[in-house]
Amino acid sequence: MAATFATASTVVGLGSSLSSPKRTTLSSGFLKSSVSARNPLRQARASGGKFTCFERDWLRRDFNVIGFGLIGWLAPSSIPVIDGKSLTGLFFESIGAELAHFPTPPALTSQFWLWLVTWHLGLFIVLTFGQIGFKGRTDQYF
């Protein structure tokens, strides 16, 4: 029994392919021999030939969107509609009031937090819709 395990035996298929490398060519009636099979997922010039779901520059930031978005938010937020004051004015006034007692942070009941969240939420909404609209127009979605 020990003698049979000690002798070198070849596994059919494994040992023969390791000892003598034979190249097997597969052929099909659907493929011509001169044409190689193409990978339908491979796109030219996309991430070094690898298939990716997203573009490498997925953010596609554009400074036009940031500039026009900031102007597009500053204009309506500067209209005095809140007791004769604008949202931007109230926000900047609250910044000045909080800086008057600088080492102490703003209290949770301070109006500063309301104006901060409202002003920035409006800005980010305008920037998001600006990015969608500007890039949608550039890529001819609409």
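Scope of the values below: all heavy atoms of this structure, side chains included, with no hydrogens, waters or symmetry mates. All values reported here derive from a predicted model rather than from experimental measurement.
Take Thr118 and apply the side chain to side chain contact (heavy atoms under 4.5 Å, CB included) test, not counting sequence neighbours, and it matches Leu87, Leu114. Under the rule for a salt bridge (charged side-chain N to carboxylate O under 4.0 Å, His left out), the partners of Asp139 that lie at least two apart in sequence or sit in another chain are Arg60. Among residues two or more places apart in sequence or in another chain, the side chain to side chain contact (heavy atoms under 4.5 Å, CB included) test is passed with Val65 by Asp62, Gln131, Phe134.
Residue pairs meeting the salt bridge (charged side-chain N to carboxylate O under 4.0 Å, His left out) criterion with at least one partner in residues 114-130, sequence neighbours excluded, do not occur; the list is empty. Applying the side chain to side chain donor-acceptor pair (under 3.5 Å) test to every pair with at least one member in residues 104-117, sequence neighbours left out, gives these pairs: Glu98-Ser110. Under the salt bridge (charged side-chain N to carboxylate O under 4.0 Å, His left out) criterion, no residue pair touches residues 107-122, with sequence neighbours excluded. Residue pairs satisfying the ring-ring contact (aromatic ring centres under 6.0 Å, His included) criterion with at least one member in residues 78-101, sequence neighbours excluded, are listed as follows: Phe91-Trp119, Phe91-His120. Within the structure, every pair that satisfies the side chain to side chain donor-acceptor pair (under 3.5 Å) test and touches residues 66-80, not counting sequence neighbours, is listed here: Ser77-Thr88. For residues 111-127, no pair satisfies salt bridge (charged side-chain N to carboxylate O under 4.0 Å, His left out), with sequence neighbours left out.
Crowding of Lys85 atom NZ: a count of heavy atoms from other residues, nucleotides or ligands under 6.0 Å not exceeding 12.
By the 4.5 Å side-chain criterion applied to Ile, Leu, Val, Met, Phe, Trp and Tyr, Leu108 is assigned to no cluster and stands alone. Ile66 forms part of a hydrophobic cluster together with Phe63, judged by ILVMFWY side-chain heavy-atom separations under 4.5 Å. Grouped by direct or indirect side-chain proximity (heavy atoms under 4.5 Å, Ile/Leu/Val/Met/Phe/Trp/Tyr only), Leu121 sits with Ile125, Phe129, Ile132.
Side-chain heavy atoms closer than 4.5 Å link hydrophobic residues (I, L, V, M, F, W, Y) into clusters, and following such links, even through other members, never connects Phe68 to Leu74. Cluster annotation: Leu99 is connected to Phe112 through the hydrophobic network of ILVMFWY side chains, with a link wherever side-chain heavy atoms come within less than 4.5 Å.
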